[in-house]
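So the structure is just underneath, and the comments pick up after that.
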2 protein chains.
Amino acid sequence: MKQSKARKSITLLDVARAAGVSRTTVSNAFNRPDQLSPEVQQKVLAVAKELGYAGPNPMARMLRTGQTGAIGLIFSEALPYAFNDPVSIAFLQGVSKVCERVKASLLIVPALDSDVAQQTIQQAAVDGFILYCIPDESEAVVRVLDRQLPVVAVDQPELKGIPFIGIDDRQAARTAALHLLSLNRRHLGIIAMDFHNDSYAGPVDPQRLKSAIFRNALHRWWGYADAIRDAGIDPTLVPIEESPNSNGVDGAFAAAIALLQRHPRPTGILAMSDILALGALRAAEHLGLKVPEDVAIVGFDGIPLAAQVRPALTTIQQPLVEKGAIAAEILLGIPNKKTTHILETKLVVRQSSSKGSREQGAGSRVGSGE
Amino acid sequence: MKQSKARKSITLLDVARAAGVSRTTVSNAFNRPDQLSPEVQQKVLAVAKELGYAGPNPMARMLRTGQTGAIGLIFSEALPYAFNDPVSIAFLQGVSKVCERVKASLLIVPALDSDVAQQTIQQAAVDGFILYCIPDESEAVVRVLDRQLPVVAVDQPELKGIPFIGIDDRQAARTAALHLLSLNRRHLGIIAMDFHNDSYAGPVDPQRLKSAIFRNALHRWWGYADAIRDAGIDPTLVPIEESPNSNGVDGAFAAAIALLQRHPRPTGILAMSDILALGALRAAEHLGLKVPEDVAIVGFDGIPLAAQVRPALTTIQQPLVEKGAIAAEILLGIPNKKTTHILETKLVVRQSSSKGSREQGAGSRVGSGE
DNA sequence: CTGTTAGCGCGTTCAA
DNA sequence: TTGAACGCGCTAACAG
């Protein structure tokens, strides 16, 4: 009998009774110290501690106030893969930096398939969501929109009325391809990241391109194609090998091998991410090809590792961390932020595509820290 | 007037009325489909959708059920640094893998200083906490314990009654030092990670060691000292340079430079983490020293990058991902798990400490994927 | 299979 | 400054 009472958790009311005050007073002692005399507050807090009461129950408070103090983050990939990708990690860094500043927590919500998405997104106690690189018709998007909470999208999807942060993938990719073409590399090969959600690895046909659901990959391909076409080459004849993000560098290695064993062998490789480019670098080495002499390689993203490998990697630098920071700031209502941000990118030329000797081609970032 | 009613969010009751059923029925339609006829369920769901009702309010449900479907994770470092450290990231991968499997969300709780910790930990709506590498007397520990929820500690703190996952740091470090000594490297230098919370970088004196609050670092030092003493050398004469985790490879570079410029120059460097060892590798290169001929280097942790750099890094491999997975499994009540796990480590010898030529010394992991 | 009845623990009026 | 009352939206018993 007594046990059952002792068993249940302590509430504001218990503390109030033990301290000989009202519930409101105890609540105020925790939340509004200015609303009661310091001495009373001291006493209440002391009694609370004695009873093992650690402050208002967060669920009850959330229900009452409608605020949770957390924001939700949804990745398109399986979480372990997302945490394996330097691009996602950099994004996470940006988000977390802002969260830490404003004392908000960050809820990572698994939403891999529609089943999981439905359950986890509906249950998430958050004040808003960040959608990171989510295909437009994904179940996750529907569920998030249903929640009627503030939303910010990064990279994808672009939806009416919700803030968006991204880059001009097409233009950036065009710059990358132009660079290679300007070095007179006319036999190009493309290593692509996921166009679809099916973890497919291998050559890409026009049909697959046309039905692509990941915008980044599609737009980057468009950009490559723009430059290639302008150079008087038929872009549909440029071979594309797709290697899913989740296959990491190893997958890219295989894709690059496939590309480099074609005849004529490509003299330039356009990789849609730096991870893919690293695989290409390794493949070239494996085949005994010199980079950039035999084959030049250009990546995309500008992850820190790109500057540190040898030969250092030419890439399109995009503000990865800043993307996360801006997304969080918008969601958390930090003022002076427009709601749509197309961030700048820039081509960083390093050894993997330099004209001269390896040493000479080093970009300014080489040797800088982690 | 009407506005104010339209303004507020839709509840179970609204749906019930609109559908002409009771609240329970609507609740069941969402949570227990087996408790009502399919047709009624269809109808209720249809009405709900029409009203823009997206399922039960998560806060209310949490209050009612006492379950949140999320677990909290607390790092000792500032989040952006944690997300920059391959060791933490690998841990996160392990945690997230399990979370995804059981459809749990993961709440990353900033708890940098005591102020923030108090607020964020008290407010966190979670079913339990994972403490990752938190100093024993940290405010965060107190707050977490106060919450009276299940807790698991990883690496630190070791507290009575709460499950613990870690490795035998001392023994592992001893193995690393023994390895170097067995190669006849008798002039050693140590690069240490944080002993204290103060971001200090520089030489370490006995006082600082004695008052260390980070167990990992301290135990690793003990292990080194054990082996060194057994080799007939006075461990207190072995120079130690501390470089905080947050300073990354650059900090380690500086620390290693300091070490390598001493007389006599160390012929072996013991680094307490692979990141630190990478800095040492770079420092050796910078000074024109050959690794392992002039100076042999041994890291700790076994991060993937250690196998990929050249020369590849000898290290103590610990099951980083598994640590996270086990922690999450224990917290989420997945059965067949003991509550305390001291995981195995092993020395992986690679080029950075090999006797023979560089090629010969490559560990089996070299060239394997990301 | 459906409806009724009770709280879950708290924050906020408002009056004292 | 304090105390009483109300309801946030929901789920779990239990009765029909």
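In what follows, every chain begins at residue 1, and chains take the letters A, B, ... in the order their sequences are listed.
The residues B/R143 and B/E139 are annotated as salt-bridged, a charged nitrogen and a carboxylate oxygen being separated by less than 4.0 angstrom. For the pair B/D136 and B/R215, the salt-bridge criterion is met [side-chain N within less than 4.0 Å of a carboxylate O]. Ion pairing of A/D155 with A/K323 is present here, as a side-chain N (NZ or NE/NH1/NH2) and a carboxylate O approach within less than 4.0 Å. Salt-bridge formation is detected for the pair A/R101/A/E329: a Lys NZ or Arg NE/NH1/NH2 atom is positioned less than 4.0 Å from an Asp or Glu carboxylate oxygen.
For A/N28 and C/dG9, the CG to P distance is 20 Å, given to the nearest whole Å. Counting to the nearest Å, the P atom of C/dC8 and the CE atom of A/M62 are 19 Å from each other. A/Q122 has its CD atom 15 Å from the C1' atom of D/dG9, to the nearest Å. A/L36 places its CG atom 11 Å from the P atom of D/dG3, with the value rounded to the nearest Å.
A/R147 contributes a side-chain N or O that, together with a main-chain N or O of A/I121, makes up a donor-acceptor pair within less than 3.5 Å.
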### Task
Could you encode protein contacts along nucleotides 10-16 of chain D as a string, one character per nucleotide from 5' to 3', using B for base contact, S for sugar-phosphate-only contact and - for no contact, with a heavy-atom cut-off of under 4.0 Å?
BBBB---
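Taking the six-membered ring where the residue is Trp, the centroids of A/Y53 and A/F30 are separated by under 6.0 Å.
Residue B/L63 is classed as a base contact, given a heavy-atom separation below 4.0 Å to a base.
An OP1 or OP2 oxygen of D/dT2 is reached within less than 4.0 angstrom by no side-chain nitrogen or oxygen of A/S22.
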